[in-house]
Amino acid sequence: MSHTLHFFISIVLCFVIGIHRVQSEITYIEARYPLRGTPSAPNAPWPQPQYLNASLDLTYIDPDFFIVYSNLRNCDITDKAIERYQPLFYPPKLTIRSPDTFDDSRVLISVLIEIRSKKCDVYPDLHDDQSYNITIENAYGKITAENVWGALNGLETFSQLLFITEDDYLAINASVTIRDWPRFPYRGLLLDSSRHFLPVPILKQQIDAMSYNKYNVFHWHLSDDQSWPFVSKKFPQLTEKGAFSPDHVYTPEDVQDIIEHARLRGIRTIPEFDSPGHVAALGRAFPEFLTDCYNGSTPNQAIYSKHAAREIIDVTKDEVYKFMKEFLQEVKDTFKYEPYIHLGMDEVTPACWLSNPNIQKFLKDNNMTNGTDLMTHYSNKILGIAKSIGAKSMVWQDPWDDGVKLPLGTVIGIWKDTSLLPDSPPWSYFLSKATSEGYDTVLSAPFYLNMIKYGKYETNDSVMNLEFFHWYNIDLFANFTGDDAARKRLIGAETTLWGEFVDGTNSLSRLWVRASGVAERLWSSIDVNNPEDAQFRLDVHRCRMLRRGIPAAPILNGYCGPYEAGMKQSMVNDPIFSYID
Amino acid sequence: MRLPIILLFLLAVISYSHGKQPRGSLNIFDVKPTVGQPWPKPQTIKTTSQQYAVHPSAFHFMVNSTSQSCDLLTSAFDRYYRIIFFPQTYLNHILDPELAKHEKQIEPKISLADLQDATLLKRLNVHIAQPCEQYPSLESDESYSLTIDSDSAMLESVTIWGALRGLETFSQIIYADDNLGFAVNNTMINDFPRFKHRGILVDTSRHFISVKTLKMNLEAMAESKLNVLHFHIVDDQSFPYESRTFPEISLAGAYNQAHVYSQDDIAGLIEFARQRGIRVVVEFDSPGHTQSWGLAIDILTHCYSGGKPNDEFGPMDPSRNTTFDFLKKLFSEVASVFPDHYMHLGGDEVDFDCWRSNPDVQAFMLKMGFGTDYSLLEQYYMQNVVDIVGATGKGYTVWQEIIDNNVTVKADTVVEVWKDPYPQELARVTKLGYRTLLSTCWYLDYISYGSDWVKYYMCDPHNFNGTDEQKKLVVGGEACLWGEFVDATNLISRMWPRAFSIAERLWSAADVKDPAVAKPRFEEHRCRYVRRGIPASPENGPSYCDYEYNR
């Protein structure tokens, strides 16, 4: 959309403030550096829709009479969404007055969700049409979408347009036209359940927060060196030996609970079981799968900084592949709707492999020479197994940039960058190369939100919150050298919150509202990129997330309302939003 | 008291294994939490492997018959009984009784009958030598000794404040044990703080922090033996203090009326802190950092541009007597609301540009003979403020600028150093003979990726060149969590466990300074907080706690 249009949007929404003063506010860090940018309307949606036109006058909602209904009967996705949005429309601890003093023409009576396909889809797919339209006119609203997933996006945006006025009425612009679609179809969030255990109630709140930001893929990093929390029915020893403790596990019921929680919100759950590296926890259950590393002729001896005493999977062992076939089959059956399994394959250093005489013999016998050959052997086997059980594969970029020929159709995750690894080329290089070679690609390199830094940034004439600006300003196609076809193969990105320093105590406040910045980058038009304006809308969104029980941390000085964390009307820890028994 | 010989014999025969061993099997961890070791580390602690079982139905706190009695002690007994035996429900019980009603009481895993053959610790006798003081002070004696060598343990202290510290230690050395439920080892502790002022600065102006969250933070402070809440209550951004004398200031200067501390709120916080032996030192920072004050009352300097007032305001206007009349009334109120002897008067970061622009201020400068040296005007302002506060009978704490600027202050003034290089700053201020606090190296708002507690742990307030007399003038320090990016969503998880470093540096002996040695104890303490309901975040890389935080 054009700049003129966005200009128009901000004018229209700002006018609403004049009528009903916004109830939250961000403010300067130092009085001599006032904030720049255009203040936000109290109901500005996040991420910003592609096209939005809203009238200045308001219409009101009577909680006792307002209904949302859909043209689908007995569809769990829409039925449960309509139910779920009730406490989002009417935050449980806030007062909402009935607009009985208004005439009927100023009351919104209903919203119809119209799904053109008339199908109740079961599980979202990358290629689904995620677009929706909203119209509100003459006391009636309508959300139209091709399918239920677009409808969920529309319902989320609609819920964000509602706001509680200073005199406690629930209001929305009387006339609204929105046409909206995502810039990228894949908008992921990686959470790491291995380095610290993330309890199920926290994961559910994370998934809720994702849905409030139109993220649609939960990349669940379920195993690593530190722990293996995923309970396998076939191989119970994985958690018996590999979990932190019997309390630090996800039972099959927990896993289904999470998958279902995400599915109902239009979010895919892609499990990652990383190998052949990052397998110390796996190795506690199956020590025989690991490679014996040699120091000269002495087995099981570490040469620190090169290799441990035993590490990474021994790719020459048949029982490894037998296990992987059975285990991945179980994973496929567990995540039964999801076509992809993420197979990891990152950060494999071949020193240990090459130190081992059996592997040296294996190389010789098979006319191989180096670690890349071993990795090619391993990835061929594992990708073949995945294919044989009907799963599609995602992997981190490492085998591919080591020269392993991955079959087309493998989705590559780009995570390397000069900022993380000083000797690495920048992520734009990998992105251009992988997409140009024909691979669908997901970018996470610039979105490591676990790498925190202090937010204040001073220039000669301003004091700004650089941290948010930093994430917000990432241009995914910066220095991109591929052609148009290659561009299309960048299917999206992932915000990653690696788990070294986060657990249930801080993962929500650390991720939100920062991850919302990335969400807008992935959803909204490329020219929605002014952080000084966005900070005001983001603040409105943070307060909205607080009203929904997510302890989203502030981006600048300021306040929200009487529902902030710890206050009597706080929704944080309210049973409706916190999933505590 | 000594164990009867027969019991000792029994103990030798029935050898309970130490049921809860430090983790060792997961060799990828370099951090293995300790079991039953306190934080901060006591001055001297001796333990043996002899274990006592501690059971909720067979344990009592008792005031020793020869001890002074104290209301604070009775309520502390209630708290610590809950902390020791029902830690997971403790915090809600204190902060949110409504929520606590719905919580399931966790039954002890081990029944008293299971402990027939174990040696029980049946009581802790507490003996306080001096009469009960109402409020803690900078001069309070916090020493205590704790002896556990029979079924009847002994906690002795000079004051109630020492007893509170001892109870906290006692609660920390009791640990969960697979065989005994709760257990404690034979222990002798002699303990006292290295520094008397061990503070936390909380900034409630840049973001309002709910009373409940402030109380959770006070609880967290008590669990690390921190004893001063530096309540940076107002600043440019907002004025959440509801004044009795000038209610209009918070009406105009608070973010809104949901973001105000009523007099009841303040009294509740002071009492909550007192129960835990924590002083509340309130800061009303001026003449800068006062934009929010001026929204209701005309006390700020009008800034001029092009010969006309430009709708902007600077620091307090020292050229008008009305400014000081106002401050007299306000500070006299504050002096009566906050019982601590000290009030923090701020005095930092005064910008002279607006003063320079204002013709009335210029005329005043001429009249006073300050020439164009605006630091003399700042000095004049602060001299008036310290005299006003001094007249109320209070002492004051100030940021170092006041001393840098040669203001004459009372002899008992405490000067807070926040600038770098702090060793030179400490040397300079102590050389002038003032009691001094260090906060420079403990700005917890400056977050960074990784285990930054180590950096805070390594900073020592005696790390400067000075005489023994100068060193003695350093009364402690403060961890400051300024509020630009912090509100109740993240205050606790950002403050804790990082403030553990400051707590141990200021309490424990100077030679307790190796972070590698402290780390396992740090881990245990972090998990102790989580178990007690305080969301202290992971600081040492991948790890787990037996109870994880899930809300």
Side-chain angles (χ1 to χ4, degrees), chain A residues 23 25 27-32 194-202 224-227 244-245 247-248 280 284 450-456 465 467 499-506 508-510 546 551-559 561-562 564-570 572-573 578 580, chain B residues 25-26 28-29 96 99 102 205-214 216 236-238 255-259 291 312-313 351 353 445-451 483-494 496 530 534-551:
Chain A
Q23 290 175 49
E25 184 179 71
T27 184
Y28 55 79
I29 287 181
E30 289 176 32
R32 62 201 153 116
S194 171
R195 292 187 173 87
H196 284 98
F197 183 75
L198 295 168
V200 169
I202 299 287
D224 212 300
D225 289 330
Q226 286 79 9
S227 80
F244 285 134
S245 89
D247 295 326
H248 294 77
R284 294 203 288 276
N450 51 308
M451 309 287 273
I452 53 169
K453 58 185 171 188
Y454 185 64
K456 196 167 128 184
N465 181 350
E467 230 233 335
E500 283 86 348
F501 299 100
V502 287
D503 67 2
T505 61
N506 61 350
L508 285 160
S509 64
R510 184 152 294 181
L546 279 181
I555 53 163
L556 269 171
N557 294 329
Y559 68 101
E564 281 165 41
M567 293 182 169
K568 283 197 183 68
Q569 288 167 286
S570 172
V572 177
N573 289 342
S578 65
I580 306 277
Chain B
S25 57
L26 310 186
I28 50 168
F29 291 102
D96 205 336
L99 266 183
H102 303 294
S205 169
R206 293 181 172 91
H207 286 98
F208 182 79
I209 307 294
S210 62
V211 170
K212 185 175 159 186
T213 307
L214 288 176
M216 191 191 283
D236 283 332
Q237 285 79 5
S238 77
Y255 278 135
N256 71 25
Q257 297 315 297
H259 298 80
Q291 293 289 307
E312 286 181 16
F313 296 90
D351 182 26
D353 289 348
D445 50 323
Y446 291 142
I447 53 171
S448 58
Y449 184 69
S451 308
E484 281 86 350
F485 305 110
V486 178
D487 72 358
T489 62
N490 59 354
L491 180 137
I492 300 289
S493 64
R494 199 161 279 195
W496 310 99
V530 172
I534 297 169
S537 61
E539 264 283 312
N540 285 315
S543 66
Y544 70 97
C545 297
D546 290 342
Y547 300 91
E548 297 287 0
Y549 198 81
N550 68 356
R551 54 185 65 201

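- A:Leu198 does not touch chain B: none of its heavy atoms, backbone or side chain, sits under 4.5 Å away.
- The structure places CD of A:Glu467 at 6.0 Å from CD1 of B:Ile447, a figure rounded to the nearest 0.5 Å.
- The SG atom of B:Cys545 lies 12.5 Å from the CZ atom of A:Phe197; values are rounded to the nearest 0.5 Å.
- Neither the backbone nor the side chain of B:Asp96 comes within contact range of chain A; no heavy atoms are under 4.5 Å apart.
- Between B:Ser448 and A:Ile452 the shortest heavy-atom distance is O-CD1, 3.7 Å.
- Using a 30° and 60° split on the angle between ring planes, B:Tyr544 and A:His248 fall in the perpendicular class, above 60°.
- Neither the backbone nor the side chain of A:Val200 comes within contact range of chain B; no heavy atom of the residue lies under 4.5 Å from a heavy atom of that chain.
- By the side-chain hydrogen bond (donor to acceptor under 3.5 Å, both in side chains) test, B:Tyr549 pairs with no residue at all, sequence neighbours left out.
- Of the listed residues (B:Gly483, B:Ala488, B:Gly541), the greatest number of heavy-atom pairs within a distance under 4.5 Å of chain A belongs to B:Gly541.
- Among B:Ile534, B:Val530, B:Val486, B:Asp487, the residue making the largest number of heavy-atom pairs under 4.5 Å with chain A is B:Asp487.
- For A:Asn450, the parts lying near chain B are the backbone and the side chain together; criterion is any non-hydrogen pair under 4.5 Å.
- Inter-residue side-chain proximity for B:Asn490 and A:Pro551 is flagged as unmet; no heavy-atom pair is nearer than 4.5 Å.
- Residue A:Asn506 holds its CG atom at 5.0 Å from OG of B:Ser493, rounded to the nearest 0.5 Å.
- Counting only heavy atoms from C-beta outward, the side chains of A:Met567 and B:His259 approach each other to under 4.5 Å.
- Using a 4.5 Å cut-off between heavy atoms, B:Val211 does not touch chain A at all.
- Between A:Ile580 and B:Asn550 the shortest side-chain heavy-atom distance falls below 4.5 Å.
- Atoms CD1 and CG, on A:Ile29 and B:Asp236 in that order, are 12.0 Å from each other to the nearest 0.5 Å.
- For chain A, the option among B:Gly450, B:Ala258, B:Ser238 with the highest count of heavy-atom pairs below 4.5 Å is B:Gly450.
- To the nearest 0.5 Å, atom CD of residue B:Glu548 and atom OG1 of residue A:Thr505 are 8.5 Å apart.
- Taking chain A as the reference chain and counting heavy-atom pairs below 4.5 Å, the highest number among B:Gln237, B:Lys212, B:Gln291 is found for B:Gln237.
- More than 12 heavy atoms of other residues, nucleotides or ligands shown are found within 6.0 angstrom of OH on A:Tyr28.
- Your options are A:Ala552, A:Gly499, A:Ser570, A:Ser578, and the one with the most heavy-atom pairs under 4.5 Å with chain B is A:Ala552.
- Between chain B and the options A:Ser194, A:Ala565, A:Ser509, heavy-atom pairs under 4.5 Å are most frequent for A:Ala565.
- Both the backbone and the side chain of B:Ser451 have a heavy atom closer than 4.5 Å to some heavy atom of chain A.
- Residues B:His207 and A:Asn557 approach most closely at CE1-CA, 3.5 Å, considering heavy atoms.
- A:Asn573 touches chain B through its side chain: at least one heavy atom from C-beta onward sits under 4.5 Å away, while N, CA, C and O do not.
- Applying the side-chain hydrogen bond (donor to acceptor under 3.5 Å, both in side chains) criterion to B:Asp353, with sequence neighbours excluded, gives B:Arg356.
- With rounding to the nearest 0.5 angstrom, the CD atom of A:Glu500 is 12.5 Å from the CG atom of B:Asn540.
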